[in-house]
Each structure stands twice: as structure tokens, then as C-alpha cells.
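Since the model is a prediction, treat every value here as computed from it, not as a measurement. In what follows, chains carry the letters A, B, and so on, assigned in the order in which the sequence lines appear, proteins first and then strands, with residues in each chain numbered from 1.
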Protein chains: 2
Amino acid sequence: MTDEEPRAPRADAQRNRARILEVARTVVAEQGTQASLRDVARRAGIGLGTLYRHFPTRDELLETLLSDRFDRLAARAAALESTRPPADALAQWVSDFAEGATAYRGLAASMLATIEDETSSLHASCLAMRQAAGRLLGNAQAAGAVRADVDGTDLFALVNAVGWIADQAPSLSARRAHLLSLVLDGLKPH
Amino acid sequence: MTDEEPRAPRADAQRNRARILEVARTVVAEQGTQASLRDVARRAGIGLGTLYRHFPTRDELLETLLSDRFDRLAARAAALESTRPPADALAQWVSDFAEGATAYRGLAASMLATIEDETSSLHASCLAMRQAAGRLLGNAQAAGAVRADVDGTDLFALVNAVGWIADQAPSLSARRAHLLSLVLDGLKPH
DNA sequence: ACCTGAACACCGTTCAAGT
DNA sequence: ACCTGAACACCGTTCAAGT
């Protein structure tokens with residue numbers, strides 16, 4: 001056998017990686033997507049360099065925490081597309097997305113940033129999700145349920161903006177569902 | 001004369017204060033409302049402690065930079081109220097506000113934060129402006145031009161959210177006017 | 001009365017030295 | 001092959017010492 005399997009990572013490296021992710025989930029839940037990476041390393045009981053070795057950028061860490069969610073939402077869009085009327089499918093997907101978008105403080109900002117930053121590790125998984133949602137939008141527009149001058153980026157930006165509002169203050173967070181329905185209602189043709 | 005005038009600040013203190021504001025305007029224009037205060041002091045050629053003496057918090061400095069703008073917008077609302085039909089007056093005011101809201105990166109976030117934080121120095125001047133705008137909203141609703149389930153805070157949050165979107169990426173910034181019109185259009189009764 | 005900058009407690013990021 | 005933590009370049013904030 002001249003072509004061998006690539007060696008599996010060393011056991012200690014695997015343990016460290018898992019430990020970082022476990023702690024990162026907690027710390028990001030507490031502090032948001034801008035959480036202190038030093039704090040993550042400290043609480044995981046590993047050296048700061050080890051964290052950077054496994055996750056060279058903050059986005060690489062976030063991507064690992066969030067890609068499942070993005071993949072699930074992309075699959076959800078595909079499922080809704082084939083089982084629901086266009087307007088329903090879009091409304092339901094946005095509602096599902098919006099619910100998760102407030103999982104972490106700063107998440108709306110992190111997601112919107114990936115649109116522009118193609119070097120971000122979050123770019124690909126987030127783009128796939130956006131494209132799946134874009135098809136739902138297109139269908140809803142073809143059915144006359146959404147005005148024609150809205151594109152997928154507009155919709156994504158607006159939904160994240162409502163998520164951002166909810167991040168800013170508790171009293172605004174309480175209005176989140178209402179603000180979202182105002183915005184979505186407003187996208188219907190007059 | 002037993003009750004004397006309060007003494008005018010020392011000449012050097014006055015000069016320092018003016019110099020801080022001058023430099024802060026530049027640095028905030030460059031770096032946004034989260035600009036480094038250390039950088040402001042450095043570029044103003046004054047000690048860091050002097051900056052903190054004149055402006056104990058970041059918001060106190062921002063308030064001094066921004067209160068003129070808020071006062072002008074409050075006055076603008078009053079003027080529009082007495083000269084234009086309700087729907088026009090509101091649309092024009094929001095357009096004026098939105099234009100200024102992108103003057104500095106981070107400004108939308110700073111403004112929205114003052115809603116909740118009553119200890120912020122920006123709270124009072126921003127509240128007065130919001131109340132003036134709230135009257136325009138009420139008039140527009142009474143005239144049937146805006147749906148009834150929108151309050152002043154909703155409108156303020158949404159307009160700032162669109163400003164925030166524009167902060168996130170150049171490509172989104174180019175869609176700002178379109179996104180704003182989408183949102184405002186959407187607030188009309190269906 | 002006011003100014004100054006060192007001091008303290010934090011960051012993110014890199015990298016030489018270790019195992 | 002991987003881990004570690006010191007080192008560097010930044011923050012915000014406070015305060016003892018100066019003029």
C-alpha cells in the first residue's frame with residue numbers, strides 16, 4: 001500500500017478540540033459572538049496557542065459552532081419548498097430562521113458580515129442556506145405573495161436587522177416578533 | 001455681592017476641551033462611535049486623564065458631538081408638523097433622520113442603546129427628538145397613512161436597524177435607500 | 001483647578017521553546 | 001505533531017503626583 005490513509009489526529013489534539021468547542025458554546029452563549037477567546041482557552045484549561053492552532057480565526061470557531069444550524073436550515077428550506085404553498089413555505093422558514101438568529105448575542109451581525117467577507121469560514125455554509133431561502137423567496141414572488149423588488153440579500157439583511165434590534169435592549173427584544181411581522185407584512189404587494 | 005457668578009473655566013481647560021472635540025470629530029468620522037479614546041487623547045496632544053476629566057464617559061463625548069444634530073431634528077419635526085400634510089411630514093422627517101444616521105459608523109447602535117440606558121448622556125436629547133417624531137407618527141396614523149400597531153419606538157428601531165445594515169458592508173450600504181423605502185412602505189395600512 | 005502619565009486589568013495574535 | 005505561555009501591541013479606566 002503506497003497510498004496510506006491520512007493519519008488520524010493525535011488523541012490529545014482531538015480531546016483539546018472537543019474541549020474547546022464545548023467551552024466555546026457556553027462562553028458564546030454567555031458573552032455573544034464577540035466573546036473573549038482568551039476566556040475560552042482559560043476556562044477550557046488549555047494554552048491560548050492551542051486554541052489558535054485549532055481555530056486560527058474567530059470565524060473558524062463560530063463556523064464549527066454554527067454550521068450544523070445553517071445546514072439544517074438549508075435542508076428545512078428544501079423540505080418546505082416541496083410540501084407547502086410558496087407563501088407559507090417562506091413565512092415558516094423565516095420564522096424558523098429568526099428563532100435561531102437570537103440564540104447568541106451578536107449572531108445577526110456575524111451572519112450579515114459573512115455576505116461580504118468571502119474569506120470568512122462562515123461564508124460557504126451561510127451562502128448555501130441563503131440560496132435555499134432565496135428559492136423560497138422566488139417562489140413566493142412568482143405566486144404574487146411578495147413584492148418583486150426584494151432580493152434574497154434584502155430579505156436576509158432585514159431579518160437579521162430585526163435580530164440585531166432585539167440584541168440592543170431587553171425592551172426591544174420583547175418587540176421582536178412584532179417587528180418581524182411588521183417587516184414581513186410590509187414585503188407583501190400593496 | 002454675596003452671590004457671585006460661577007467662575008469661567010480656566011483658559012487652558014477651555015482650550016483642551018475644544019481641542020478634544022475637534023479631534024474627536026475626526027477620529028469618530030474615521031473609526032466610528034467605538035473609536036479609541038486613547039487615540040483621541042494622543043492625537044489631541046493631551047493627557048488621557050484630561051480627556052476623562054472633561055468627558056467621564058464615551059457617551060458624554062458623543063452627546064456633545066451629537067446633541068446639535070438631535071436638537072435640529074427635533075426642531076425639524078416641529079416645523080414639518082405645522083407645514084405639511086401628516087404623511088408627507090413623517091416621510092420627510094424620516095428621510096432627514098436617516099441621512100444623518102449614517103454620518104458615523106456605529107451611530108445607529110449608539111442611538112438605539114440610549115432608549116434603554118437612561119443614565120446615558122445621550123438619553124435626554126435623543127428622547128426629545130424621538131418625542132417630536134412620535135407626534136408626526138401619531139398624526140400620520142390619525143390620517144390613516146400608517147398602520148395603528150406601530151409605536152414610536154418601533155419606528156425608531158426599524159430606521160436605525162436599516163442604518164445598521166448599511167454599516168455592515170459596502171454592498172449593503174448601496175441598498176440602504178431601497179431597504180428604507182421597503183420598510184416604510186410596509187408600515188402603510190394594507 | 002487642572003494636567004499628566006504610570007499603573008492595573010483586560011484584549012487579540014504570534015512564536016520560540018518545550019515534550 | 002502538538003502544546004505552552006511569554007511577548008508584543010493594543011484597549012478602557014483610575015489615581016497619585018505634579019504645576
Could you list by number each residue of residues 46-64 of chain A showing a heavy-atom separation from DNA chain C of less than 4.0 Å, or answer none if no residue does?
A:Leu48, A:Gly49, A:Tyr52, A:Arg58
Nucleotide opposite D:dA16 in a Watson-Crick or G-U pair, distances under 3.5 Å:
C:dT4
As its Watson-Crick or G-U partner within any shown strand, both distances under 3.5 Å, D:dA9 has none
Rounded distance (Å) that lies between atom C1' of D:dC10 and atom CG of A:Leu37:
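Atom-to-atom, A:Leu37 to D:dC10, this comes out as 16 Å.
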If you apply the rule side-chain contact (heavy atoms from CB on, under 4.5 Å), what do you find for B:Phe70 with B:Glu63, and how did you get there?
CA-CA 9 Å; B:Phe70 293 149; B:Glu63 207 275 334; 5.7 Å; no
I'd like to know if the side chain of [X] pairs up with that of [Y] as donor and acceptor (distance under 3.5 Å, no hydrogens or angles considered).
X: A:Gln92; Y: A:Asp96; answer: yes
X: B:Gln31; Y: B:Ser36; answer: no
X: A:Thr119; Y: A:Asp117; answer: yes

In terms of ring plane angle, is the pair A:Phe156 and A:Phe97 parallel, tilted or perpendicular, where the classes change at 30° and 60°?
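Aromatic pair A:Phe156/A:Phe97 classed tilted.
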Any salt bridge linking A:Arg15 with A:Glu22? Criterion: basic side-chain nitrogen under 4.0 Å from a carboxylate oxygen.
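Looking at A:Glu22 together with A:Arg15, the answer is no, because their closest N to O distance does not fall below 4.0 Å.
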Under a 4.0 Å threshold between the charged nitrogen and the carboxylate oxygen, would B:Arg43 count as salt-bridged to B:Glu30?
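A salt bridge is present here (some side-chain N lies under 4.0 Å from a carboxylate O).
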Measuring to OP1 and OP2 of D:dG12, would you say a side-chain N or O of B:Ser36 lies under 4.0 angstrom away?
yes
Under 4.0 Å, heavy atom to any atom of DNA chain D: which of residues 9-34 of chain B qualify?
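Nucleic-acid contacts, sorted: none.
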Heavy atoms only, 4.0 Å cut-off, all strands: where does A:Ala41 land among base, sugar-phosphate and nothing?
nothing
